[in-house]
Amino acid sequence: LKGGFLSKLNATVVSNKEVAPGLFFLQVKPDAGVPDFKSGQYVALGLAEQDNESKLIKRAYSIGSAPHQKEALEFYIASVSDGELSPRLYQLKEGERLFCATKIVGTFTLDPVPEESDLIFVATGTGLAPFISMLRSNNLWSAGRKIWLLHGVRYENDLAYSDELQSYMRKYRNNFNYLAIVSRPSAGYNGVKGYVQKFFIEDTANAGLSVLTDPVRQHAFLCGNPAMVAEVSNLLKERGFTEHSRKLPGNLHLENYW
Ligand SMILES: Cc1cc2nc3c(=O)[nH]c(=O)nc-3n(C[C@H](O)[C@H](O)[C@H](O)COP(=O)(O)OP(=O)(O)OC[C@H]3O[C@@H](n4cnc5c(N)ncnc54)[C@H](O)[C@@H]3O)c2cc1C
């Protein structure tokens, strides 16, 4: 590495755990310590470019750990085949160095949501990360609100965090509903199959989950694959949800990963 470059690598890998092939939890400790942030925000991670080591290649990653978890930042990442950065993050080992931006950013947070509002979280794949951070925060649960979480993945092995999410279902029996949906299940899979979109079209009673959309009481958060975000957002807009922006507050919050 050329002079001065090493100083850009300002964080260390605490652990890198594979969840399923190509899917991993990366724990990162910035040298300056875990900064303050809000659940739902993201940060840029980076490594040196392979053919120009004086340049950093950076990408955005949502933080999966909660703000009070000060040991490390946790990320939930998919190694995208042919991707420039994510396959290299996948290879990182404990103790290796990387870049972690000191500025944590993003408006996909619960800030604009009244405490008593019910919440609908919809994620595909690693788009689950911001919701894990929110669910790990104690103040999320304090208001007695209802929370639905729909997580769509391709293969059932990709259902990361499902043990943790099931434990919240037991703990917050009357308030929390988690539903996993698998689009390419193996032959023997007897969970819910298909795409998350269907829960906003079909009667969901069979799945034991009722996302009866109510734009007066609810805020919806959609995160991950842009095709899912666009489709579910259109379905919710038809039912009276309005997209949130700083200028025009609404109850539909969107985060596209690409
Ligand atoms: C606000 C924000 C937060 C993000 N948070 C996360 C996160 O928590 N975890 C995470 O894994 N990714 C996240 N991403 C995506 C991430 O920034 C990178 O785009 C991704 O890791 C691919 O980078 P790459 O350099 O390997 O691929 P590139 O060489 O940049 O190729 C990009 C292409 O990969 C595909 N792609 C990007 N992300 C994914 C994905 N997650 N799954 C499947 N295909 C994908 C798209 O087709 C995209 O055009 C986030 C993106 C944004 C904008």
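Heads up: numbering here begins at 1 and tracks the sequence. Order of appearance sets the numbers: ligands from 1, and atoms from 1 within every ligand. Basis for what follows: all heavy atoms, side chains included, without hydrogens, waters or symmetry-related copies.
Between Phe25 and Tyr161, the ring planes lie tilted relative to each other; the angle falls in the 30° to 60° range.
We find that Asp31 and Arg97 are joined by a salt bridge, their nearest charged nitrogen and carboxylate oxygen being less than 4.0 Å apart.
Sorted by chain and number, the heavy-atom contacts of ligand 1 below 4.0 Å come from Tyr42, Arg59, Ala60, Tyr61, Ser62, Tyr76, Ile77, Ala78, Val80, Gly83, Glu84, Leu85, Ser86, Pro87, Thr126, Glu255, Asn256, Tyr257, Trp258.
A centroid separation of less than 6.0 Å is found between the aromatic rings of Phe221 and His253.
Pairs engaging residues 87-106 under the ring pair (Phe, Tyr, Trp, His ring centres under 6.0 Å) rule: Phe24-Tyr90 [sequence neighbours left out].
Side chain of Asn251 to backbone of Thr242: a donor-acceptor contact under 3.5 angstrom is found.
Leu254 CG to Glu243 CD: the interatomic distance, rounded to the nearest 0.5 Å, is 4.5 Å.
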